[in-house]
There are 2 protein chains.
Amino acid sequence: MIEYHNLNEPIYLKVKEMIINGELKPGEKIIQEKIAEQLGVSRTPLMKALLALENEFLVESIPRRGMYVKSFGEKEIFDIYICREALEGMAARLLAQSNNKQKKEQLKQCFVPFIGQPNININDYAKADEQFHSLLIKLTDNAPLDKIYFFGNIHEQVINRGLLRPPEETLDEHIKIIQAIEHGNANQAEKCAREHIEKSRILLLNH
Amino acid sequence: MIEYHNLNEPIYLKVKEMIINGELKPGEKIIQEKIAEQLGVSRTPLMKALLALENEFLVESIPRRGMYVKSFGEKEIFDIYICREALEGMAARLLAQSNNKQKKEQLKQCFVPFIGQPNININDYAKADEQFHSLLIKLTDNAPLDKIYFFGNIHEQVINRGLLRPPEETLDEHIKIIQAIEHGNANQAEKCAREHIEKSRILLLNH
DNA sequence: ATAATGAATTTTGTATACAAAAAACAAAAA
DNA sequence: TTTTTGTTTTTTGTATACAAAATTCATTAT
């Protein structure tokens with residue numbers, strides 16, 4: 001992602017924000033003319049943004065019916081976690097194989113402020129969490145892998161549902177991933193990354 | 001994919017075909033008005049198709065410059081193989097875990113005509129190969145995983161480059177994957193699927 | 001009151017028009 | 001000849017217009 005269509009990126013970002021913050025609710029129909037007017041543009045560039053969002057799984061198009069804000073069922077979020085497991089596992093493997101110290105350091109920095117801390121601010125930690133998972137993908141320097149990062153948005157959706165595991169539980173898991181990457185242990189890095197996501201996925205199953 | 005935008009799917013398919021068969025060459029600029037006229041439509045629906053193709057990595061957009069047919073460097077194809085390794089590996093695991101006999105049978109059928117055959121027709125085998133890898137994804141019944149199947153197109157590109165390993169080598173690998181899935185051995189299925197793709201990737205490195 | 005039918009309204013999908021930016025070209029200067 | 005500058009042409013990006021389809025609403029029949 002990043003620098004989407006330079007020109008309609010503002011539109012893309014605005015609509016995305018409206019979806020994330022619930023201004024446009026899941027399942028709601030996106031009436032193009034209405035939204036276009038709100039944003040002060042015509043339907044043509046709005047449509048481009050909507051098509052981009054469709055490819056990120058945030059919007060669903062039903063031909064001749066319209067565009068709808070995607071609403072995720074349990075099964076769908078489950079499926080997304082399966083994909084994340086595969087992709088982030090591979091990302092961890094690749095980073096472990098690389099010997100770019102600087103990248104490894106960046107990952108480490110995400111959680112440094114929380115180590116040994118008794119009272120962790122949930123909001124700050126959630127930000128660091130997202131930052132970490134995003135970095136994991138970006139640092140692999142693999143453009144297709146990066147492109148598939150529409151999962152990131154869904155990650156936010158999951159957070160909004162309050163399905164975040166407590167820091168006491170995940171901080172250690174994050175650190176284990178980082179350590180395996182640091183030590184160049186590719187198998188271990190992939191295993192930890194996958195287990196980390198698998199645990200969240202299983203939590204999801206039990207509501 | 002499948003049933004893209006019902007209405008502009010014909011446009012989408014035609015442009016895709018033009019790219020696959022080389023009518024539009026890698027790196028070539030797509031002059032919208034020209035192509036639109038060729039297809040007998042206006043730029044508006046063509047743009048939708050091009051945006052879909054952009055998301056499949058077949059077209060690249062440079063803002064205010066235009067849309068270009070994507071040309072793949074070695075590095076990029078390598079990166080795509082990395083993604084395939086992660087995703088098809090996961091797909092093999094999921095299928096091994098399922099106990100849907102019918103799905104497993106479908107996979108098996110792909111290569112039945114070639115088993116024990118002394119002279120294998122390369123074209124027929126290549127088709128079966130693609131069918132198998134496509135099925136592997138489709139049968140998982142995981143929509144996001146399926147959506148990421150723009151790799152399929154790239155698979156074709158790779159075939160066009162003549163980078164296909166001989167059936168004597170890969171037939172056995174395919175059968176091993178299918179057997180592991182049949183026996184419900186998830187770890188083995190994932191391992192075989194990944195090694196299978198990894199071997200192609202390594203071949204790619206040595207031209 | 002409920003269901004069915006048909007008009008009125010809304011909304012999508014596509015074509016077209018036009019301004020702004022980029023590319024191509026030609027003429028002039030180094 | 002090569003580079004620079006200015007002009008013309010092409011092409012993109014966006015707005016708008018309009019037909020076809022879908023939806024809504026009111027009217028009629030059950």
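As the structure is a computational prediction, the values presented were derived from the model and not from experiment. Quick note on labels: first sequence line is chain A, next is B, and so on, each numbered from 1.
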Practice problem: Heavy atoms under 4.0 Å is the rule here; annotate nucleotides 15-22 of chain C 5' to 3' with B where the base is hit, S where only the sugar-phosphate is, and - elsewhere. | Solution: BBB---SS
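Straight-line distance from the CD1 atom of B:Ile11 to the C1' atom of C:dT14: 9 Å, rounded to whole Å. The interatomic distance linking A:Gln32 (CD) with C:dG13 (C1') rounds to 9 Å, in whole Å. Counting to the nearest Å, the C1' atom of D:dT14 and the CG atom of B:Leu51 are 14 Å from each other. In this entry the distance linking CG of A:Leu50 with P of D:dT14 reads 14 Å, nearest Å. Atom CD1 of B:Ile31 is separated from atom P of D:dT9 by 17 Å (rounded to the nearest Å). Atom CE of B:Met47 is separated from atom P of C:dT12 by 20 Å (rounded to the nearest Å).
For A:Lys14, there are no salt bridge (Lys or Arg N to Asp or Glu O under 4.0 Å) partners two or more places apart in sequence or in a different chain. Take B:Thr44 and apply the side-chain hydrogen bond (donor to acceptor under 3.5 Å, both in side chains) test, not counting sequence neighbours, and it matches no residue. With sequence neighbours excluded, no residue forms a side-chain hydrogen bond (donor to acceptor under 3.5 Å, both in side chains) with B:Glu17. With sequence neighbours left out, the side-chain hydrogen bond (donor to acceptor under 3.5 Å, both in side chains) criterion links A:Lys127 to no other residue. In terms of the side-chain hydrogen bond (donor to acceptor under 3.5 Å, both in side chains) criterion, residue partners of A:Gln109 (sequence neighbours excluded) are, by chain and number, A:Glu105.
No contact: B:Ile62 has no heavy atom under 4.0 Å from any strand. Using a 4.0 Å heavy-atom criterion, one finds that B:Glu33 contacts the bases of the nucleic acid, with or without backbone contacts as well. Among the atoms of the strands shown, none is found under 4.0 Å from any heavy atom of B:Leu46.
Figure legend. C:dA19 is base-paired to D:dT12; pairs are counted as Watson-Crick or G-U wobble with both atom distances under 3.5 Å.
With a 6.0 Å cutoff to the six-membered ring centre and a 45° limit on the axis angle, B:Lys70 counts as a cation-pi contact of B:Phe72.
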